[in-house]
Amino acid sequence: MNLSSMRIFDGGQQFLHSLLRMNFTGLSGQIQFDVDKNLVHPAYDVLNIGGTGSRRIGYWSNYSGLSTVTPEVLYRKPPNTSVSSQHLYSVIWPGETSIVPRGWVFPENGRPLRIAVPNRVSYLQFVSKDRNPPGVRGYCIDVFEAALNLLPYPVPRVYMLHGDGRRNPVYNEIVQAVAEDRYDAAVGDVTIVTNRTKIVDFTQPFMESGLVVVAPVKEVKSSPWAFLRPFTFQMWLVTGAFFLFVGAVVWILEHRINNEFRGPPWKQITTIFWFSFSTMFFSHRENTVSTLGRLVLIIWLFVVLIINSSYTASLTSILTVQELTSRIEGIDSLASSNEPIGIQDGSFARNYLIEELHIAESRLVILKTQQEYSSSLHLGPNRGGVAAIVDELPYIELFLSASTCAFKIVGQEFTKSGWGFAFQRDSPLAVDLSTAILQLSENGDLQKLNNKWLTHADCSEQVNEIDHYHLSLKSFWGLFLISGIACFIALVVFFYNIVCQYRRFTPEDGAAAEEGEIQLARPRRFLRSTSFKKLIDFVDMKVDTTKEMIKRKSTDIKRQGSPSSDGHAVSPS
Ligand code: SER
């Protein structure tokens, strides 16, 4: 305000003095001004007006702020304006409630919310036109109404059908209309996708959704090679290798003491093979006599027991579970083929397939009704139908529950998303409804509505589920590791013993003496290779023979070392 431009009228000063001198009790209390021209002890009653009357819920004064005690009493006490002392009696709000209302959120007071509802022609369980008020029905409408009931304020609303009723409306257009203020909100099976979240605000999803591929399936005829299927190729390879490895380890450990593991080389090779593979059925006839051999074998038999029982269980499942296959394995094989793909009329799936997966528009076939879904899948690509349908899981679950088990979901759900209610940007209703939807989900009401409207398929399992019965190395490597470690320890102990025995059997000088003077003249490498050959020969030798030789050798050495009767050492023979 431009106070300097104000003029003082004649007698103004006199009027001011009269006002400042005032001291009387008026309608609102004591009227008196201090030297600063402020009201002395200004104070008011705080009234709660509602319904047919009003009630005093406290006082306000500039001396002590809000209080439930009259200011006259407080003037006699020292001033106290601390936050904790500022309180009033509780307010009764319209609707006879003491809960503080959130306020009226709509700009144009009282105008009902214009809610767009897709006028669907397929999957009417989700949302459809209704003859009775409020004019629409379905799962999405029930969820919306239940969420609104949880809001602490009423939301006047009018449902407006979008679409001509002959085809599903284009959902992108509904969302666009909300963004352009032709509607205040869109309620229905509206998928939350990036393009849409850029122009409107979505609530939290009330339904999980994602794109899947549905294709016709046929039963697999049992194969003569079904017995190979319980294990993966890698598993077969490692198991076979371990049979041979353990056979070889047992042969090494037994060869020196057990006649059954001795003989001509070809016989020993067959023994290794025969012994290894007969452990598969616990039918090996060769006895193991060494402690190390027995240790390795018992651990290996445990491994074989587990492998055998897993194989039996897996083969039983493979042969007894009905197996279904489809030419199309998932979205990747579908996208890379050139076959027609069915999509739902009006759905975002069309844009997604063209823009994200770069599928030619000419391959996309719009399916308007559920009958078209099954007839085009039955016809197949060669007779004017489609090879597969790409649509959201909730629709496909309904479709499969109503159709025969000739179609299945193939591969994985390849997008993850959900359905939400769309509101104009920054609408507080979107936030409040999100909370309400979460509440519905947490208290189980959402599931109850789901059970009421949607029935689920019996044959909705995925076709590649049979893969679960293939056993891979991942489940067994621990067993192989234990067996491998046991073999390794046994071999280390065995060779340590051998080396100790070999040292006793052939001390360096003794070896030289045995070979005679000619060996000393040979090159060093030759010396090493002959001593390696000797070690191998020693390992190959039967243990009884070695013991005998060691005994003989130590007797010889003793004889050499003991002085003869004439005081001379006995010369070596
Ligand atoms: N849920 C789809 C969409 O929002 C319509 O089927 O595009």
Side-chain angles (χ1 to χ4, degrees), residues 115-129 136-144 160-179 183 185-214 331 341-357 359 361 364-373 376 386 388-402 409 413-423 430 437 449-450 453-454:
I115 295 175
V117 175
N119 193 4
R120 292 192 62 92
V121 295
S122 61
Y123 303 110
L124 302 181
Q125 293 92 325
F126 293 118
V127 60
S128 65
K129 185 178 170 178
V136 285
R137 66 198 290 271
Y139 168 71
C140 302
I141 302 296
D142 277 9
V143 173
F144 184 66
M160 301 162 88
L161 283 164
H162 187 103
D164 57 12
R166 286 193 294 274
R167 288 179 65 164
N168 283 348
V170 178
Y171 278 59
N172 280 348
E173 282 177 8
I174 303 182
V175 175
Q176 187 65 39
V178 173
Y183 300 112
V187 168
D189 47 344
V190 186
T191 310
I192 305 169
V193 287
T194 324
N195 285 349
R196 296 175 184 173
T197 52
K198 285 178 187 159
I199 52 173
V200 293
D201 277 357
F202 278 97
T203 60
Q204 288 286 321
F206 58 89
M207 176 79 152
E208 270 189 33
S209 171
L211 288 174
V212 290
V213 179
V214 189
I331 186 64
I341 303 170
I343 51 166
Q344 191 187 134
D345 194 14
S347 168
F348 78 98
R350 181 177 174 277
N351 286 6
Y352 180 82
L353 293 182
I354 295 172
E355 284 160 22
E356 304 288 330
L357 300 186
I359 291 174
E361 200 179 342
L364 303 182
V365 179
I366 305 278
L367 304 172
K368 297 189 190 92
T369 60
Q370 276 151 275
Q371 288 75 29
E372 282 188 18
Y373 271 58
S376 53
V386 296
I389 293 175
V390 172
D391 203 356
E392 287 173 86
L393 190 60
Y395 304 112
I396 295 305
E397 279 178 342
L398 274 190
F399 169 64
L400 292 179
S401 68
I409 295 171
E413 207 175 357
F414 58 94
T415 64
K416 284 260 178 250
S417 155
W419 293 350
F421 304 126
F423 286 88
I437 288 170
L449 290 176
N450 202 306
W453 286 98
L454 315 170

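Counting starts at 1 for both ligands and their atoms, following the listed order. We count residues from 1, following the sequence as given. Worth knowing before you read on, the calculation uses all heavy atoms, side chains too, and leaves out hydrogens, waters and symmetry mates.
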Of R167, R350, R120, which meets side-chain hydrogen bond (donor to acceptor under 3.5 Å, both in side chains) against D345?
R167
Going by the side-chain hydrogen bond (donor to acceptor under 3.5 Å, both in side chains) test, name the single residue among Y139, Y123, Y171 that passes it with D189.
Y171
ring-ring contact (aromatic ring centres under 6.0 Å, His included) partners of [X], counting only residues at least two apart:
{"X": "F144", "answer": "F421"}
{"X": "F202", "answer": "none"}
{"X": "F126", "answer": "Y395, W419"}

Taking a 3.5 Å cut-off between nitrogen or oxygen atoms, can you list every pair linking ligand 1 to the protein, with distances?
unit_1: ligand 1; atom_1: 1 (N); unit_2: D189; atom_2: O; d: 2.8
unit_1: ligand 1; atom_1: 1 (N); unit_2: T191; atom_2: OG1; d: 2.9
unit_1: ligand 1; atom_1: 1 (N); unit_2: E392; atom_2: OE2; d: 2.8
unit_1: ligand 1; atom_1: 1 (N); unit_2: Y395; atom_2: OH; d: 3.0
unit_1: ligand 1; atom_1: 4 (O); unit_2: T191; atom_2: N; d: 3.0
unit_1: ligand 1; atom_1: 4 (O); unit_2: T191; atom_2: OG1; d: 3.1
unit_1: ligand 1; atom_1: 4 (O); unit_2: R196; atom_2: NH1; d: 2.8
unit_1: ligand 1; atom_1: 6 (O); unit_2: Q344; atom_2: OE1; d: 3.1
unit_1: ligand 1; atom_1: 6 (O); unit_2: Y395; atom_2: OH; d: 3.0
unit_1: ligand 1; atom_1: 7 (O); unit_2: R196; atom_2: NH2; d: 2.9
unit_1: ligand 1; atom_1: 7 (O); unit_2: F348; atom_2: N; d: 3.0

Would you say V390 and Y352 make side-chain contact, with heavy atoms under 4.5 Å?
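No, their side chains stay 4.5 Å or more apart.
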